[in-house]
Protein chains: 2
Amino acid sequence: MTEQVSRMPADADVTRADSLAREIYAGVANKWALLVINTLEDRTLRFNELRTAVDGISHKMLTQTLRGLERDGVVDRTVYATVPPRVDYRLTEAGRALRDTVNGMCAWTRRYLGEIEAARHRYDTRD
Amino acid sequence: MTEQVSRMPADADVTRADSLAREIYAGVANKWALLVINTLEDRTLRFNELRTAVDGISHKMLTQTLRGLERDGVVDRTVYATVPPRVDYRLTEAGRALRDTVNGMCAWTRRYLGEIEAARHRYDTRD
DNA sequence: CTGCATCCCCGGCGATACTG
DNA sequence: CAGTATCGCCGGGGATGCAG
């Protein structure tokens with residue numbers, strides 16, 4: 001009996017975990033999040049330092065991206081009660097682990113840059 | 001003299017390569033592209049098989065994503081002149097290399113699923 | 001079955017202005 | 001300096017229909 005009633009919740013948990021993973025994956029798999037993670041590397045940066053370093057990102061998108069990463073425990077946010085205020089951002093342990101995989105994507109881009117360019121030219125001039 | 005005239009183009013090339021890398025990075029760093037790459041793995045799949053497997057992706061987005069990946073030489077597209085038509089998609093060598101790094105992100109999600117969930121709860125119930 | 005075009009709407013994102 | 005809120009637009013992307 002216990003086996004029967006416990007089966008359904010177990011399956012439901014698997015489904016929930018899957019959809020959660022999907023959601024996390026989708027949240028992290030976006031341009032700005034990955035660029036921010038890449039930029040942070042091992043450094044501790046302030047809001048405007050990040051804003052300058054990421055280049056192309058707007059004030060709003062940076063805030064939004066940082067909130068998401070902070071919520072997921074990827075970046076750590078430290079507020080200093082000074083005036084003017086100062087806020088430091090750095091990667092958490094989970095964030096550094098993620099950064100390692102993100103670096104792999106960067107390496108891939110560099111490694112295949114030439115091939116991709118060639119493939120594009122072939123594709124664009126086909127026929 | 002040759003050194004002087006060759007300097008400017010060299011710098012320009014670096015800049016161009018950087019922006020190209022950025023563009024490729026941005027193109028690949030999106031939810032649907034990564035999910036398609038993950039789904040393809042080592043298999044060869046037809047359009048509708050992919051459509052079903054990726055779940056949540058629309059007809060239009062799948063077409064669009066596949067075109068982009070095909071153009072960048074990440075996926076290989078094979079058309080059979082049969083009726084009804086049949087089109088097979090598979091990862092190229094570059095695509096498989098990219099998949100390896102993408103798998104790293106999946107592994108990361110699984111590894112930190114619990115921590116992320118906890119971090120979210122902490123964030124959402126702070127104060 | 002696969003792919004392209006069209007329409008249309010919702011929401012992401014930039015710009016701007018205002019608090020602490 | 002850092003963050004929040006509001007507004008407005010442009011475009012991503014879903015739905016649908018048609019072609020090969």
Side-chain angles (χ1 to χ4, degrees), chain A residues 22-37 39-40 43-72 74-91 123-124 126-127, chain B residues 22-37 39-40 43-72 74-91 123-124 126-127:
Chain A
R22 264 293 183 78
E23 180 202 330
I24 292 168
Y25 193 80
V28 156
N30 80 70
K31 185 181 162 185
W32 294 132
L34 295 184
L35 286 174
V36 165
I37 290 167
T39 304
L40 274 178
R43 303 178 289 178
T44 296
L45 293 179
R46 303 180 54 176
F47 185 85
N48 275 337
E49 290 172 338
L50 264 173
R51 176 135 172 54
T52 303
V54 175
D55 116 339
I57 197 170
S58 68
H59 184 122
K60 183 181 182 178
M61 283 315 293
L62 181 55
T63 307
Q64 201 166 297
T65 302
L66 285 171
R67 289 298 162 275
L69 294 176
E70 185 194 354
R71 188 170 107 99
D72 286 351
V74 172
V75 304
D76 194 27
R77 181 168 176 268
T78 311
V79 182
Y80 298 94
T82 60
V83 41
R86 170 201 183 97
V87 181
D88 283 351
Y89 292 95
R90 55 190 286 280
L91 293 177
Y123 184 93
D124 293 339
R126 72 198 190 285
D127 297 353
Chain B
R22 264 296 183 78
E23 180 202 331
I24 292 167
Y25 193 80
V28 156
N30 80 68
K31 185 182 164 185
W32 294 132
L34 295 184
L35 285 174
V36 165
I37 289 168
T39 304
L40 274 177
R43 302 177 289 176
T44 296
L45 292 179
R46 303 179 55 176
F47 186 84
N48 274 338
E49 289 172 339
L50 264 173
R51 177 133 170 55
T52 303
V54 174
D55 116 339
I57 196 169
S58 69
H59 185 122
K60 182 182 182 178
M61 283 315 293
L62 181 54
T63 307
Q64 200 167 298
T65 303
L66 285 171
R67 289 299 161 276
L69 294 176
E70 186 194 353
R71 188 169 108 97
D72 287 350
V74 172
V75 304
D76 195 26
R77 182 169 175 269
T78 311
V79 182
Y80 297 94
T82 59
V83 40
R86 171 202 182 95
V87 182
D88 283 351
Y89 291 95
R90 55 190 287 281
L91 292 177
Y123 184 92
D124 293 339
R126 72 196 189 287
D127 296 354

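Remember, it's a predicted structure, so these values are computed and weren't measured experimentally. Throughout, a chain's letter reflects where its sequence line sits, starting with A, and its residues are numbered from 1.
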Taking C-beta and beyond as the side chain, do [X] and [Y] meet within less than 4.5 Å on heavy atoms?
X	Y	answer
A/Arg67	A/Arg77	yes
B/Tyr89	B/Val36	no
B/Met61	B/Val54	no
B/Phe47	B/Thr63	yes

Using whole Å, report how far [atom1] of [X] lies from [atom2] of [N].
X	N	atom1	atom2	result
A/Asp55	C/dG14	CG	P	13 Å
A/Leu66	D/dC1	CG	C1'	14 Å
B/Glu49	C/dC1	CD	C1'	11 Å
A/Asn48	D/dG3	CG	C1'	11 Å
A/Leu62	D/dT4	CG	C1'	14 Å
A/Asn30	D/dG13	CG	P	12 Å
A/Arg51	D/dC1	CZ	C1'	12 Å

How long is the straight-line distance from [atom2] of [Y] back to [atom1] of [X], given to the nearest 0.5 Å?
X	Y	atom1	atom2	result
B/Leu91	B/Thr44	CG	OG1	9.0 Å
B/Glu49	B/Asp88	CD	CG	7.5 Å
A/Thr39	A/Leu34	OG1	CG	10.5 Å
B/Leu40	B/Leu66	CG	CG	7.5 Å
B/Thr52	B/Ile57	OG1	CD1	11.5 Å

(request) For DNA chain C, determine which residues of residues 77-88 of chain B have any heavy atom closer than 4.0 angstrom to one of its atoms, and list them numerically. (result)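 Nucleic-acid contacts, sorted: B/Arg77, B/Pro84, B/Pro85, B/Val87.
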(request) Tell me which of B/Gln64 and A/Arg67 sits closer to the 5' end of DNA chain D, going by the nucleotide each one is nearest to. (result) A/Arg67
(message) I want to check one thing: is the phosphate of C/dC1, taken as OP1 and OP2, less than 4.0 Å away from some side-chain N or O of B/Tyr89?
(response)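 For B/Tyr89, the contact criterion (side-chain N or O under 4.0 Å from OP1 or OP2 of C/dC1) is not met.
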Name the pairs: protein N/O against N/O of nucleotides 14-16 of chain D, kept only if under 3.5 Å.
| from | atom 1 | to | atom 2 | distance (Å) |
| --- | --- | --- | --- | --- |
| D/dG14 | OP2 | B/Ser58 | OG | 2.2 |
| D/dG14 | O6 | B/Lys60 | NZ | 2.4 |

